[in-house]
Amino acid sequence: MIQLKSPREIDQMAVAGEMVALTFQAIQPLIVAGTLTVAIDEAVRDKVSDLGGKPLFLGYHGFPAHSCISVNDQVVHGIPGPRELLDGDLVSIDIGIGAGGFCGDSARSFLIGEGSKSSRRTLEVCREALAAGIAAATPGNTLVALVGAIEAKIRAANLGLVEKYVGHGIGREMHEEPQVPNFVTPSLKQSNLELRPGLVLAIEPMVNGGTGEVRTLDDGWTVVTCDSSVSAHCEHTVAVTEEGPRVLTLAPGEAWPPIPGTPGQ
Ligand code: MG
Ligand code: MG
């Protein structure tokens, strides 16, 4: 069942969402060549603790860290560890925080240095796909239209659309109904869900530089591209409101659409 949120509940969700964004700001200086991904995860742990939030990923189905950090051909669910970030890496970081009984969930992707042409394009298209999805999160629109907007950006760029993983409703639970795939599925068409004020979604396209095919490594978590191409993942928690889409996972001073040059947004 889909749980619509009241305006007051959306304000409460924005508190959790802001914590996620503030955590991204806190780790920003570490997203450079030479940093071990475990050091970024430790900084996530410390910031979430300082903010008084709860890291939602730690222990989730046994996940062993506070954040998912996925580098280059890693798509999602990468486990932070002794891997050192190198110049040219494309790194995707996913953070979920609980606060005041609500959840915030956001992923941002970053290039270390200039990156390859393929990395730059993959990241740009992923950000554009997220922006298209968010722009479509307006009352009266349908979920098919929102998902179709994401899909159109990725297909037009002829990049790999990851079909296996989806966005989701979010609220008191991190994963609520409805599922938000990144391409229009028959069941999505059939449900023909109308977007109503109070619907809150984690919109999260994953875009590969090659094909959309992915597989999971033997660690049981890390999802990688089958063709070793790079992958980007961009996610915001977004409320449908009477006034239009409201992005909840922003820090003070951050805007949506992003101010050009805002790192990772
Ligand atoms: Mg996430
Ligand atoms: Mg999510």
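As the structure lists them, so they are numbered: ligands from 1, and atoms in each ligand from 1.
There is no side-chain donor-acceptor pair under 3.5 Å between Thr122 and Ser119. Residues Ser67 and Asp41 bring a donor and an acceptor atom of their side chains to less than 3.5 Å of each other.
Annotation: Gln28, atom CD; neighbour count of heavy atoms from other residues, nucleotides and ligands within 6.0 Å is above 12.
At a cut-off of 2.8 Å, Asp94 coordinates the Mg ion (ligand 1) through an N, O or S atom. Distances from the Mg ion (ligand 2) show that His168 has an N/O/S atom below 2.8 Å.
The Mg ion (ligand 2) lies closest to atom OD2 when only the N/O/S atoms of Asp105 are considered. Its N, O or S atom nearest to the Mg ion (ligand 1) is what matters here, and for Glu235 that atom is OE1. The atom of Glu204 nearest to the Mg ion (ligand 2) is OE2, with the search restricted to N, O or S atoms.
Between Ser229 and Asp73, the closest side-chain pair of non-hydrogen atoms is not below 4.5 Å.
Salt-bridge formation is not detected for the pair Asp89/Arg83: no Lys NZ or Arg NE/NH1/NH2 atom is positioned less than 4.0 Å from an Asp or Glu carboxylate oxygen.
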